[in-house]
Asker: 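First the structure, then my questions, so here it is.
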Amino acid sequence: MEKKLAEYKCDTNEAIKLKLVRFPEDIEDESMTFNPEYSHQIFGDEEVAFGYKGLKILLYYSAGNLSNMFRVEYSSKVDDKFDLVQPDDVENKIRELIPSGFCCGSDDFISLLEKEVNFKPMGTVVHTYTVHNEEAGEDITYQIYKADMTCPGFREYHERLQTFLMWFIETASYIDVDDEKWDYFLVFEKYNKDGATLYATVGYMTVYNYYVYPDKTRPRVSQMLVLPPFQGEGHGAQLLETVHRYYVSASNILDITAEDPSENFVRLRDFVLVKLCQNLPCFSLEKLLCGFSQEMVTEAQEKLKINKKHARRVYEILRLRATDMSDSEKAKAYRLDVKKRLVGPYKKNQREMAKMKQCLRPEELTNQMNQIDLNTQHEQLEESYQQLVEEYRRIVERLAQA
């Protein structure tokens, strides 16, 4: 019985089929389908749906307005012969996630696609850029809009847009859209269909404006997502740089931060901030080789709203670019300079050890000494340094291609 029941378990990350649809023929084009990275918030930590064979959860979005077609398909389902075993209510789980107004049939969805010509992005254009598409042999135009909940139709559109978070951000949660301190930045692709200009949703970012005493604001990036069909094309960098430039122009902004940034976001931010800072006088070649300075902190903060911690990383990346690492003396100077920052937590451990010597009994002290082995700390420090330099090199290479 257990073996038979196991046949009715489906990996929900594979079963869920997502798609952004522009044309009726896209509905049947399986090459346009993409899967979620996560489904644990809907289907539990194991990311499994029980009770079906050949399960397909089709969740399609019209490319611009994000109108939904949703239906569940399967080849077989558990029935009465399995005593007291019920299949998971897959359909209801998805219905709880997506807003009402979706359709279930292809014909109804095609009718919704015909209305896409009426969809226009909400808010104000803050940046326009192009990306060359090798396959199409032409430049594609993209626009970034800033919107808020006062824009007609935006609240309903955002309800549909935010559903993507559950599939692609591990710890995603929905924000309180009634809080007026939220700003929304959205990326759209412009494309042509039967001679008309239409818009396709590419990605978005939410930013919360925190109050800082006495009269400043600290914008904090909360959520950022570029949809999978558009990833790897540079849209994340365009979006983050645009948002940064938007806030830099305001006199009441203290600095710009991010909430619990992922490793990928930190790499993206490093690239964008270095790109913004590289032409500042304080980061000139001569000044980079003199070490990190208060001038760098001040100028980065005043001109680009970058805090001290981020300015230090910018300095280290630009100094690496300016350093001939094949010269052993120059490489050593760079290594010592970076390790001087990295060693902070280890020095804290040493200070704690000095305190322990004064208040712990000998046997307790020996136990703590075993946990804080200096050789291990030196190895960890070197490993941290090598990993950091490897990340920095990738950013330097990307800057050379930008």
Side-chain angles (χ1 to χ4, degrees), residues 240 255-258 260-301 303-358 365-400 402:
L240 185 57
D255 55 26
I256 302 162
T257 61
D260 299 327
S262 66
E263 289 182 6
N264 286 337
F265 182 86
V266 171
R267 292 189 195 102
L268 178 66
R269 180 175 62 193
D270 283 342
F271 169 73
V272 169
L273 296 189
V274 170
K275 186 182 173 191
L276 290 170
C277 287
Q278 61 185 342
N279 295 320
L280 291 179
C282 65
F283 289 108
S284 66
L285 178 61
E286 298 77 16
K287 291 182 178 179
L288 285 170
L289 297 178
C290 292
F292 188 58
S293 66
Q294 183 58 41
E295 181 188 3
M296 293 174 182
V297 175
T298 302
E299 192 168 356
Q301 200 280 324
K303 293 185 177 179
L304 294 170
K305 314 299 185 185
I306 296 171
N307 63 32
K308 182 178 180 179
K309 179 182 176 182
H310 298 160
R312 171 75 198 202
R313 287 180 70 92
V314 167
Y315 154 75
E316 290 176 359
I317 295 166
L318 288 175
R319 179 160 176 181
L320 175 64
R321 186 174 72 172
T323 300
D324 179 3
M325 296 299 278
S326 65
D327 184 314
S328 59
E329 286 301 313
K330 292 177 181 177
K332 180 181 178 182
Y334 179 79
R335 184 176 69 252
L336 292 176
D337 189 44
V338 174
K339 283 188 173 181
K340 186 168 63 178
R341 174 179 67 82
L342 294 177
V343 81
Y346 300 99
K347 284 188 173 179
K348 181 182 178 183
N349 282 344
Q350 290 172 6
R351 290 195 296 271
E352 289 175 351
M353 181 57 68
K355 292 178 183 177
M356 288 178 190
K357 286 179 180 179
Q358 296 174 4
L365 185 60
T366 301
N367 184 43
Q368 290 296 323
M369 288 289 283
N370 290 335
Q371 294 179 35
I372 308 176
D373 178 73
L374 290 179
N375 288 332
T376 303
Q377 288 186 10
H378 286 305
E379 289 173 8
Q380 290 173 344
L381 181 61
E382 178 62 22
E383 186 180 344
S384 296
Y385 168 75
Q386 293 297 341
Q387 288 175 349
L388 195 65
V389 169
E390 190 59 36
E391 288 181 14
Y392 286 176
R393 283 199 174 106
R394 284 196 287 268
I395 292 164
V396 169
E397 289 169 6
R398 187 175 178 184
L399 282 167

Asker: Tell me whether Asp337 is salt-bridged to Arg312, with the criterion being a basic N under 4.0 Å from an acidic carboxylate O.
Answerer: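 Salt bridge flag = yes for Arg312 with Asp337.
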Asker: Side chains of Gln386 and Glu390: do they bring a donor and an acceptor to under 3.5 Å?
Answerer: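 Note: Gln386 and Glu390 side chains miss the donor-acceptor criterion.
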Asker: Do Arg393 and Met325 have side chains that approach each other closer than 4.5 Å (heavy atoms only, starting at C-beta)?
Answerer: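 Yes - at least one pair of side-chain heavy atoms lies under 4.5 Å apart.
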Asker: Grab the two heavy atoms, one from Leu342 and one from Ser384, that are nearest each other, plus how far apart they are.
Answerer: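 Where Leu342 meets Ser384 most closely, the heavy atoms are CD1-C, 4.2 Å.
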Asker: Could you give the distance from CD (Glu382) to CD (Gln387), rounded to the nearest 0.5 Å?
Answerer: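 The distance works out to 10.5 Å.
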Asker: What are the two closest heavy atoms between Pro261 and Phe265, and how far apart are they?
Answerer: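 In terms of heavy atoms, the two residues are closest at CB-CD2, 3.6 Å.
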Asker: Do Lys303 and Pro281 have side-chain heavy atoms sitting under 4.5 Å apart?
Answerer: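 A side-chain contact exists here, since the closest heavy-atom pair is under 4.5 Å.
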Asker: When you compare the side chain of Phe292 with that of Val297, does any pair of heavy atoms fall below 4.5 Å?
Answerer: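 Val297 reaches Phe292 side chain to side chain.
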Asker: How close do Cys282 and Met296 get, counting heavy atoms only, and between which atoms?
Answerer: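 Distance-wise, the nearest heavy atoms are O-CE, 3.4 Å.
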Asker: What's the shortest heavy-atom distance between Leu273 and Ile306, and which atoms?
Answerer: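 Smallest heavy-atom distance, with atoms named: CD2-CD1, 3.8 Å.
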Asker: Would you say that Ile395 contacts Arg321 through its side chain, given a criterion of any heavy-atom pair below 4.5 Å between the two side chains?
Answerer: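 No, side chains not in contact.
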Asker: Quick check: do Arg269 and Val272 have side-chain heavy atoms less than 4.5 Å from each other?
Answerer: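 Contact flag for Arg269/Val272 side chains = no.
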Asker: Output the distance between atom CD1 (Ile256) and atom CG (Leu240), rounded to the nearest 0.5 Å.
Answerer: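 One finds 8.5 Å between CD1 of Ile256 and CG of Leu240.
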Asker: Which heavy atom of Tyr315 sits nearest a heavy atom of Gly291, and at what distance?
Answerer: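 So the two residues come closest at OH-CA, 3.3 Å.
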Asker: When you compare the side chain of Phe283 with that of Gln278, does any pair of heavy atoms fall below 4.5 Å?
Answerer: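 Answer no - side chains too far apart.
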Asker: Evaluate the side-chain proximity of Leu280 to Leu304: yes if any heavy-atom separation is below 4.5 Å, no if none is.
Answerer: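 Yes. Closest side-chain heavy atoms under 4.5 Å.
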Asker: Is the closest side-chain heavy-atom distance between Glu316 and Tyr334 below 4.5 Å?
Answerer: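 Touching, per the 4.5 Å side-chain cut-off.
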Asker: By side-chain contact (heavy atoms from CB on, under 4.5 Å), which residues pair with Lys309, not counting sequence neighbours?
Answerer: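 Asn307.
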Asker: So how far is it from Thr323 OG1 to Leu289 CG, rounded to the nearest 0.5 Å?
Answerer: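 Rounded to the nearest 0.5 Å, the OG1-CG separation comes to 6.0 Å.
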Asker: Quick one: closest heavy-atom pair of Leu288 and Ala322, and the distance?
Answerer: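 Shortest heavy-atom contact: CD1-CB, 4.3 Å.
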Asker: Could you tell me whether Arg313 and Asp270 make a salt bridge, using a distance below 4.0 angstrom between a side-chain N and a carboxylate O?
Answerer: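 Salt bridge flag = yes for Asp270 with Arg313.
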